[in-house]
Amino acid sequence: MNYAFDFGWLADYWPVLLKGIGITVELTLVGGVLGVSLGIACAWARALGPAWLKPVVAAYVEMIRNTPFLIQLFFVFFGLPALGLRMGELQAANLAMVINLGAYGCEIIRAGIQATPKGQFEAGASLGMSRIQTFWYVVLIPALQRIWPALSSQIVIVMLGSAAVSQIAAEDLTFAANFIQSRTFRAFETYFAATLIYLALAIVLRQLLRGLGWTIFPKRAAR
Amino acid sequence: MSLIEITEVKKRFGDNEVLKGINIDVEPGEVIAIIGKSGSGKSTLLRCINGLETIDEGSISVAGAQLLPDELHLKALRLKVGMIFQGFNLFPHLTAGRNVMLSQMVVRKTPKAEAEAMAKKMLERVGLGHKFDAYPDQLSGGQQQRVAIARALAMQPIALLCDEITSALDPELVNEVLAVVKELASEGMTLLMVTHEMRFARDVCSRVVFMHQGRVHEIGPPGEVFANPKTAELKQFLGVVH
Amino acid sequence: MSLIEITEVKKRFGDNEVLKGINIDVEPGEVIAIIGKSGSGKSTLLRCINGLETIDEGSISVAGAQLLPDELHLKALRLKVGMIFQGFNLFPHLTAGRNVMLSQMVVRKTPKAEAEAMAKKMLERVGLGHKFDAYPDQLSGGQQQRVAIARALAMQPIALLCDEITSALDPELVNEVLAVVKELASEGMTLLMVTHEMRFARDVCSRVVFMHQGRVHEIGPPGEVFANPKTAELKQFLGVVH
Amino acid sequence: MNDFTTWDILRNLLLAARWTVLLSLVSFVGGSLAGLALLFARIGKGRLGPAFAKTYIELFQGTPLLMQLFLAFFGLGLFGIDVPAWLAAGLALILWTAAFLAEIWRGCVESVAKGQWEASSSLGMGYLQQMRWVILPQALRVAVPPTVGFSVQVVKGTALTSIIGFVELSKAGTMVTNATFEPFTVYGFVALIYFCLCWPLSKSSQILERKLNVAHRNH
Amino acid sequence: AIQPAHADALATIEAGKLIRIAVPQDFPPFGSVGADMAPKGYDVDVAKLIADKLGVKLELVPVTSANRIPYLQTNKVDLVISSLGKNPEREKVIDFSVAYAPFFNGVFGPADIAVKDAKDLSGKTIGVTRGAVEDLELTKIAPADASIKRYEDNNGTISSFLSGQVDVIATGNVVAAAILARNPPKKPEIKFLIKNSPCFIGLNKNEPALLAKVDAIITEAKKGGALDAISEKWLGTKLPADL
Ligand SMILES: Nc1ncnc2c1ncn2[C@@H]1O[C@H](COP(=O)(O)OP(=O)(O)OP(=O)(O)O)[C@@H](O)[C@H]1O
Ligand SMILES: Nc1ncnc2c1ncn2[C@@H]1O[C@H](COP(=O)(O)OP(=O)(O)OP(=O)(O)O)[C@@H](O)[C@H]1O
Ligand SMILES: [Mg+2]
Ligand SMILES: [Mg+2]
């Protein structure tokens with residue numbers, strides 16, 4: 001090996017890296033919370049919603065799931081201003097992530113809803129609840145519990161995928177890595193450090209989601 | 001006027017006519033057992049009365065009000081008629097107490113404290129006061145079914161429909177559920193129940209309805225129906241179930 | 001020497017001692033019914049005999065060979081003792097015929113033609129020769145259970161363990177499965193079966209084992225056990241199941 | 001500066017899309033084989049296999065594919081191991097795909113009812129025989145839709161190979177935009193081509209799923 | 001930090017009759033592609049010039065700002081001609097040749113934005129291509145409350161300007177001219193020039209022979225007018241006298 005690793009620069013660029021971590025975390029949090037919410041709404045629409053809404057949501061889901069995130073991001077950031085909708089790179093990044101996770105979350109959550117035994121809907125109905133009430137109070141939580149592991153994985157994937165936002169100058173962790181290496185030309189050390197940080201974030205995020213699952217769902221297996 | 005009036009009710013699934021003109025009048029306080037072979041339409045009849053299925057012809061009225069298939073009428077109906085299923089259908093993510101409270105709070109907008117008091121009372125009534133905080137999967141089948149009964153009772157229905165509520169239970173647990181039903185009957189609750197427990201039907205019910213191929217084939221007090229089955233079908237049916 | 005010797009068998013799940021020292025000797029050709037309340041350890045006992053659970057203490061021997069928990073001994077054991085489950089557990093991706101053929105070909109390396117002939121024969125024996133090419137989901141529960149019996153028989157076991165093989169069936173289908181078992185018994189097959197069908201136990205079995213809280217509480221010929229239950233527990237149990 | 005016609009743009013993107021297809025195929029075929037091996041390690045008995053597989057999966061699912069590619073190509077180069085770009089790309093994509101497929105398939109194997117294991121044990125089958133004849137055939141049926149569904153992620157994932165010099169669809173898009181300064185035309189086409197590649201996969205996955213659900217209801 | 005893999009890269013190049021040079025393809029006018037997807041641009045022509053003078057075959061390796069240095073460090077290329085700017089940190093990692101290209105970069109913005117010098121950038125958002133020379137220079141001179149948005153490539157920078165995501169951009173005059181040529185609603189006008197800091201060729205450390213050879217070729221090309229021709233072709237003007 002003819003390359004001497006040198007992590008000394010890390011001290012100088014630590015603030016850049018920290019800021020990058022902060023933004024990646026923020027993007028993941030906002031994207032996760034709003035994206036899952038959007039996913040729930042879309043899953044409801046696709047599984048139980050009015051007939052006219054189903055194809056609309058289906059088209060949205062297919063569009064998003066079959067095109068790269070980066071291009072969605074470009075259209076939000078560079079394209080929407082043409083329609084008079086201008087936002088900063090962070091808002092654009094957040095919006096793109098919400099739209100993206102919303103589509104994936106929709107399909108995952110829908111599977112959970114469709115696995116709900118028919119008897120649960122009927123029990124809700126026979127107690128006088130409306131369809132929406134039955135969905136909200138009876139169906140949703142067990143459905144989420146059923147697909148929680150899949151949803152958690154998707155949120156981690158979205159966190160890792162958020163790297164693309166560096167392309168619209170949002171200063172996330174990948175931006176920080178690229179910025180540092182463009183100044184120092186120490187690509188290996190920078191990317192290696194970034195990889196480790198991503199790994200740590202992914203592990204922590206997964207644990208957090210597991211913990212969240214433990215707190216919102218009662219401790220039993222959903223059937 | 002009868003409490004529940006079922007008049008010439010017909011129900012088709014596609015080409016399959018499952019109910020071929022049903023007529024039953026249920027008086028307040030009556031306890032009616034519905035028996036019959038698998039596929040004879042027993043569940044479908046109960047589901048029609050509760051509005052879970054729409055009927056194709058005929059009419060059903062409960063306490064004088066016609067059953068109409070829009071959300072508002074259905075809701076009103078379901079506040080009058082409770083239903084309990086073979087599969088219990090408890091909400092798995094809620095404790096027993098919450099299961100009983102939920103519909104009161106959501107449908108009737110009962111304040112929480114009141115709903116909780118009612119839930120306590122109803123769980124006591126089915127002998128499960130101490131299981132208020134247990135989740136369904138921590139309860140035996142019989143206990144789950146009793147929670148389902150408490151849940152229906154908490155809505156203070158004027159009649160209760162029970163679809164084979166003991167047949168998913170182990171023999172030992174059947175009795176604890178039937179005991180609860182028996183008590184309800186003795187307190188004057190109007191009950192329509194599909195059941196395979198002939199002994200229970202004989203002891204507790206005021207009338208027995210034998211359904212066969214979508215029709216009420218025989219109907220009468222249990223003494224008569226069990227002792228003197230008039231049709232060959234009923235004779236055979238009673239033979240099979242021993 | 002007995003065919004199956006169960007000596008002081010103990011089995012724990014964590015802190016829960018489920019079998020607390022079981023002793024039963026089964027002679028060749030005996031038909032033994034195991035009865036008892038839910039949770040008394042009936043299934044666990046059968047599973048231990050078949051090596052699906054390892055035992056903590058005591059010993060089990062089948063046809064003189066000790067049951068040891070390594071793959072080789074287990075395989076040898078399972079060729080001698082067949083087991084049939086409440087849930088049928090047919091392989092859903094294979095036809096009835098293939099279900100019966102598979103283990104012969106894979107475990108015994110029987111040539112295909114021979115395995116097929118055997119499968120035909122065994123399906124005939126349970127009255128399902130014509131269903132050779134049907135998939136499990138095209139069969140009724142009773143038919144599925146009979147295929148499961150044929151599958152076990154095709155391995156030519158010297159004894160058969162049956163765990164509540166009729167309790168997932170509708171009443172009408174129970175009889176067709178019991179008829180098959182009765183015939184096996186009359187042909188001299190050694191049978192250990194957990195069952196809730198008291199009438200069947202009385203008519204067909206040579207001995208009845210009543211289990212209670214992980215122990216053999218009473219054991220004897222059905223005439224004795226059913227007519228003169230000695231312990232309060234058995235009396236109560238028989239009362240409950242009527 | 002702009003000597004591209006619209007046709008030039010589309011033509012160049014389509015030519016580059018061949019790489020996208022090729023890389024996807026390689027990662028998918030290779031990833032399936034590696035994923036199968038990993039699956040056996042993950043669900044096998046013993047301690048070492050599952051522990052290794054778990055760590056592997058955590059590692060590859062927990063880091064960005066971009067970084068994996070970078071380290072596979074340049075990182076190894078740093079140690080004097082000169083891996084050609086196609087090998088590094090193939091290897092990294094295969095290893096990454098394997099991690100996800102193994103995890104998807106594990107779920108499918110675990111969805112096979114416990115009774116199937118018990119029934120086959122009680123018929124005297126050994127572990128491998130059970131897997132081969134009873135468990136995998138059933139798991140496979142359940143596995144097809146999510147596996148096909150994941151292939152969409154693989155197709156999109158190949159875009160990241162541009163970091164080690166591949167000019168596939170996305171990279172070609174960037175290059176052409178930088179020559180033409182017509183991002184909307186170019187990225188519009190890029191999105192369209194991706195959609196044409198991915199949508200049939202998503203759709204067939206959904207159709208398969210529906211078929212399977214119908215089949216399941218009969219059980 | 002780098003030891004040469006071979007005793008002498010130049011000898012290897014001459015023995016193999018092949019030089020591998022990293023060039024950009026997302027950074028016009030220095031490097032982009034033609035309709036046939038072949039690289040073209042200032043950097044590409046310089047690469048051709050060097051290969052010519054060395055009398056060896058040329059292998060062009062298209063790179064991005066993220067991977068150009070790793071290509072060099074892992075000996076996958078011999079030279080990086082990718083409009084590199086110099087700073088002390090970079091000099092610790094690789095060596096630089098003499099300057100081979102001038103730097104006609106400025107801050108551009110629409111007419112209605114009043115910016116005359118770096119101080120006026122206060123409170124403005126400026127778009128720039130990350131890691132390019134103008135990024136390094138702008139970072140030095142911009143006031144603390146100017147917000148610099150760094151995009152991945154020229155396209156990002158330009159798009160950010162055209163879509164109004166930034167007030168002004170820092171880029172080459174040729175790039176600004178290319179934008180103007182498209183006749184957009186927002187026309188970039190030159191506000192002020194950024195200090196002239198030229199571009200250099202990057203190569204691995206401890207390659208004195210190769211460095212000397214490249215320096216000699218560039219120096220000769222400057223004198224002989226070859227570099228002027230390249231500059232005319234891509235930047236629309238002759239080399240400045242002080243390069
Ligand atoms: N949703 C449905 N769609 C189509 N056919 C149905 C539906 N529900 C019930 N049926 C058919 O209607 C007939 C009567 O069914 P029903 O469930 O009322 O019978 P049952 O008397 O309750 O039988 P069991 O004792 O098995 O519960 C059956 O032939 C059944 O296949
Ligand atoms: N895998 C297991 N892990 C922990 N406990 C178990 C396990 N299997 C059975 N048990 C416990 O062992 C006890 C006996 O179970 P077993 O299934 O043998 O009873 P059973 O007599 O067959 O009852 P049933 O009539 O309900 O089938 C029960 O308390 C049960 O909870
Ligand atoms: Mg029914
Ligand atoms: Mg059992």
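Each chain gets a letter, A, B and so on, in the order its sequence line appears, and its residues count up from 1.
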Problem - Modelled atom types, side-chain donor and acceptor of Glu27(C) and Ser2(C), under 3.5 Å - result: yes

Exercise for the section: Give the member of Val81(C), Leu139(C), Val106(C), Asn50(C) that has the highest number of heavy-atom pairs under 4.5 Å with chain D. Expected result: Val106(C)

Exercise for the section: Give a yes-or-no answer on whether the side chains of Lys156(D) and Gln153(D) include a donor-acceptor pair shorter than 3.5 Å. Expected result: no

Exercise for the section: Taking only Lys NZ, Arg NE, NH1 and NH2, and the carboxylate oxygens of Asp or Glu, determine whether Glu168(D) and Lys171(D) approach each other closer than 4.0 Å. Expected result: no

Fill in the blank from the handout: Given the options Gln130(D), Gln116(D), Gln129(D), Ser121(D) meets side chain to side chain donor-acceptor pair (under 3.5 Å) only with Gln130(D)

Practice task
Could you tell me which portion of Met155(C) (side chain, backbone, both or neither) has an atom closer than 4.5 angstrom to a non-hydrogen atom of chain D?
Solution key: side chain

Handout entry: Interchain contact, Leu77(C) with chain D, by part (heavy-atom threshold 4.5 Å)
Key = neither

Problem - Top of Pro137(D), Gly126(D), Gly124(D) for chain C proximity - count of heavy-atom pairs under 4.5 angstrom - result: Gly124(D)

Exercise for the section: Count the heavy atoms belonging to other residues, nucleotides or ligands that lie under 6.0 Å from NZ of Lys80(C), then report whether that count exceeds 12. Expected result: yes

Completion exercise
Looking only at Leu94(C), Leu161(C), Leu102(C), Leu79(C), most heavy-atom pairs under 4.5 Å shared with chain D are made by Leu102(C)

Exercise for the section: Heavy-atom distances under 4.5 Å only: say whether Arg151(C) touches chain D with side chain, backbone, both or neither. Expected result: both

Problem - Contact origin within Phe91(C) toward chain D - heavy atom pairs under 4.5 Å - result: both

Practice task
May I ask you to say whether Lys121(C) pairs ionically with Glu116(C), meaning some side-chain N is under 4.0 Å from a carboxylate O?
Solution key: no

